[in-house]
Amino acid sequence: MDEAGVPSDRRQGSKSSRGRGNYKPKGRLADPAALREIEARLGPEAPRRDLLIEYLHRLQDEFHHLSARHLAALATWMGLPMAEIWEVASFYDHFDLVREGEDAPAPCTIRVCTSLSCMMAGGEELLEKLQPYASDKVRFVGAPCIGACDKAPAAAIGHQLVAPASIDDLTGIDSTPSPAPPSGAICFDDYVAAGGYALLRDLLAGTRSRDEVLVIMDDAALRGLGGAGFPTGRKWRIVSGQPGPRMMAVNGDEGEPGTFKDRHFLSTDPHRMIEGILIAAHVVGIDRCFIYMRDEYPEIITLLRAELEAVKAAGLADHVELELRRGAGAYICGEESAMIESIEGKRGLPRHRPPYVAEVGIFGRPTLVNNIETLHWIRDIVENGADWFNTKGKDGHPGPRSYSVSGRVARPGVVIAPAGSTVSELIEMCGGMEAGHSFKGYLPGGASGGILPASKADIPLDFGGELAKEGCFVGSHAVVVLSDQDNMWDAARNLMKFFAHESCGQCTPCRNGTEKAVAMMGTASPDTALLGELAVTMADASICGLGQAASNPLVSAMTHFPDDIKAGDHKAGDHE
């Protein structure tokens, strides 16, 4: 070991590993002082490759940026090539890399959301008005969706939510606040007092069997509610039939513009999700579970850390190892295989299929992936039976759904309604249209689900069916309502800018296609024929759902709102 506590066989230039002679170490040498700082902040435990992103978070939290000297020291401490550290750090939006010779950014970063719902509420104008207040202590940057579309325009100081945000809320600040858990969330003791974890205790004690739960899940119409809609019972059966050890990933990275239902559930009743995890782990035979949360939800992460410790202390999680992981600002990590890459400490690049993650997932092991809302319903379904859940939907659309409704409605928010509800019904549940606005169109399924005109307001919002015939889908049930005061071409370009910003860059159709589409849509006379060809290429040739669905709002705007193509001023929603 050297004076920085680094094993000699990992030191750059060590003759024990390089041989003798006139060897000169290549690359950036680690500064011994930086190594000591790394060791002090990352603790005495041996480095773990899968914790690279967490290590980067700790350094970013401490120093407000990632310097070249610290990254070089981290590479030495972990025994990894500098290029591997750099490629991961540079992939994620929330890491501020500072190259040698560059000035560090202001220590306090205020992000102002410019995605569709916030754009409609004046987010872009707010960002522009804030720029004169920038200083060496604070900077203002645009950001993609931060999961508070119901309180637009939203902003974050560091990552601490301020919504709705105003000039007064975001000026006069020179430091980043520490995240505090949301007030009003049901804590462990209150949840237990109301009957929580009784079902789990019965399962662990053998009073109720795994097979009984699997039969109930088979009969229930519960689907994956993060967007894909795969039947949950079938997924549990598939993974439980794979050889162990088995892993589990909880997808809490709801980055789809217009989506905020997971934030709602976790900030009010987090233990329903936690009990759902523990039930799934017992029934499917999970050894290790990773709860992957967006970095934009620091108050939720703080809450979950405390509540998970309470659950562990009560002995309710002895059958599974639970680990909470932070994302780092990458929408693509909502895709399950990209999320798994991120959990492993890598760039969030979607994997090619097959094999599917149910067979080869985290660390190459069979992996169960469930969404926050999916897990939220597990306890109620097992306690009350499949019929209880199935009959809460409309004919042909079993089950309840949580719709995130934002945009031009009087009372945006999460609406729990029967599956198959229409946007007309959701607008009524939200108090009607915002004063002074007339209904013009809507997004039935977030940024990638397409855009439909008001004349198609009676289509059931559920998986498949009539929505699919329109080239749209419900996805994560994010419904954004637009009015006669909104230009649909500008809305579509805002969404395309989001996809261009969030593309992982792995495949050419998505990486170049989204950027080209943004540029073409911004011209005075967009070439709609060429844009149509580009949309087909992206949909047919992209690796994952981001590129395959990115052109949906573009195609919808050309199909249903051709008059808006000439009317727009094309200045919507830059995240740079």
Side-chain angles (χ1 to χ4, degrees), residues 147 181-204 208 213 216-217 220-226 232-233 235-236 248-254 259-284 286 289-294 297 299-314 316-317 319-320 322 324 368-386 388-390 392 399-404 413-417 419 476-477:
S183 59
I186 297 174
C187 69
F188 175 76
D189 291 339
D190 291 340
Y191 184 75
V192 170
Y197 295 111
L199 171 60
L200 175 66
R201 292 181 192 275
D202 287 345
L203 285 166
L204 296 176
R208 300 190 71 168
V213 173
I216 293 172
M217 295 303 299
L222 182 65
R223 293 170 172 260
L225 295 173
T232 303
K235 184 182 288 189
W236 285 21
M248 181 175 180
V250 178
N251 191 341
D253 197 58
E254 60 170 359
T259 308
F260 46 90
K261 59 186 177 65
D262 292 350
R263 175 174 240 154
H264 166 76
F265 284 123
L266 291 174
S267 62
T268 54
D269 195 0
H271 284 279
R272 285 195 183 270
M273 187 257 322
I274 296 172
E275 186 166 8
I277 291 172
L278 297 175
I279 291 170
H282 175 75
V283 171
V284 179
I286 301 296
C289 175
F290 297 86
I291 304 169
Y292 189 90
M293 291 300 307
R294 348 180 33 191
Y297 290 1
E299 75 283 5
I300 301 296
I301 293 170
T302 299
L303 172 69
L304 286 177
R305 282 193 180 123
E307 298 305 317
L308 286 170
E309 286 304 313
V311 169
K312 293 175 183 177
L316 296 171
H319 60 295
V320 60
L322 299 175
L324 183 61
L368 173 67
V369 178
N370 280 149
N371 166 260
I372 300 292
E373 187 193 353
T374 303
L375 292 164
H376 176 90
W377 290 112
I378 298 300
R379 172 191 163 190
D380 285 334
I381 290 172
V382 178
E383 285 183 343
N384 299 303
W388 169 87
F389 182 82
N390 296 347
K392 290 189 175 296
R401 294 286 188 272
S402 302
Y403 296 92
S404 303
V414 174
V415 176
I416 299 178
S476 58
H477 295 75

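- Donor-acceptor pairing under 3.5 Å is lacking for the side chains of T259 and E254.
- Judged purely by atom type and a 3.5 angstrom limit, N371 has no side-chain atom pairing as donor or acceptor with the backbone of G224.
- Atoms CE and CH2, on M217 and W377 in that order, are 12.5 Å from each other to the nearest 0.5 Å.
- In this structure, a donor-acceptor pair under 3.5 Å is present between the side chains of E275 and Y191.
- T268 contributes no side-chain N or O that, together with a main-chain N or O of I186, makes up a donor-acceptor pair within less than 3.5 Å.
- Figure legend: cation-pi geometry between R294 and Y297, with NZ or CZ positioned under 6.0 Å from the six-membered ring centre and within 45° of its axis.
- What you find for S402 and K261 is that their closest heavy atoms are O-CD, 3.4 Å.
- Listed here is the closest heavy atom pair of P400 and K392: CD-CB, 3.9 Å.
- The structure places CG of L225 at 12.0 Å from CG of N251, a figure rounded to the nearest 0.5 Å.
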Original post:
Taking it one step at a time, do V414 and E373 satisfy side chain to side chain contact (heavy atoms under 4.5 Å, CB included)?
Top reply: CA-CA 12 Å; V414 174; E373 187 193 353; over 6 Å; no
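- Of all heavy-atom pairs spanning L316 and H319, the tightest one is O-CE1, 3.2 Å.
- How far CG of N370 is from CD1 of I378: 6.5 Å, rounded to the nearest 0.5 Å.
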**OP:** Evaluate side chain to side chain contact (heavy atoms under 4.5 Å, CB included) for D262 paired with D253, printing each intermediate quantity in order.
**Re:** CA-CA 9 Å; D262 292 350; D253 197 58; over 6 Å; no
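- Distance alone, capped at 3.5 Å, is enough to place a donor-acceptor pair between the H271 side chain and the F188 backbone.
- Within the 3.5 Å criterion, the main-chain N or O of F260 finds a donor-acceptor partner in the side chain of S404.
- With rounding to the nearest 0.5 angstrom, the CD1 atom of I286 is 11.5 Å from the CG atom of L322.
- Smallest separation of non-hydrogen atoms from L203 and H282: O-NE2, 3.3 Å.
- The nearest pair of heavy atoms linking V382 to R208 is O-NH2, 3.5 Å.
- To the nearest 0.5 Å, atoms CG (L266) and CE (M273) are separated by 5.0 Å.
- Contact between A185 and P270 at its shortest, heavy atoms only, is CB-CD, 4.3 Å.
- With rounding to the nearest 0.5 Å, the separation of CG in L278 from NZ in K312 is 10.5 Å.
- Screening V320, I291, V369, L375 against M248 for a side chain to side chain contact (heavy atoms under 4.5 Å, CB included) leaves a single residue, L375.
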Subject >> Derivation of the side chain to side chain contact (heavy atoms under 4.5 Å, CB included) call for L303 and S267 >> reply: CA-CA 8 Å; L303 172 69; S267 62; 5.7 Å; no
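- With hydrogens and angles ignored, the 3.5 Å screen pairs a side-chain donor or acceptor of N384 with a backbone N or O of D380.
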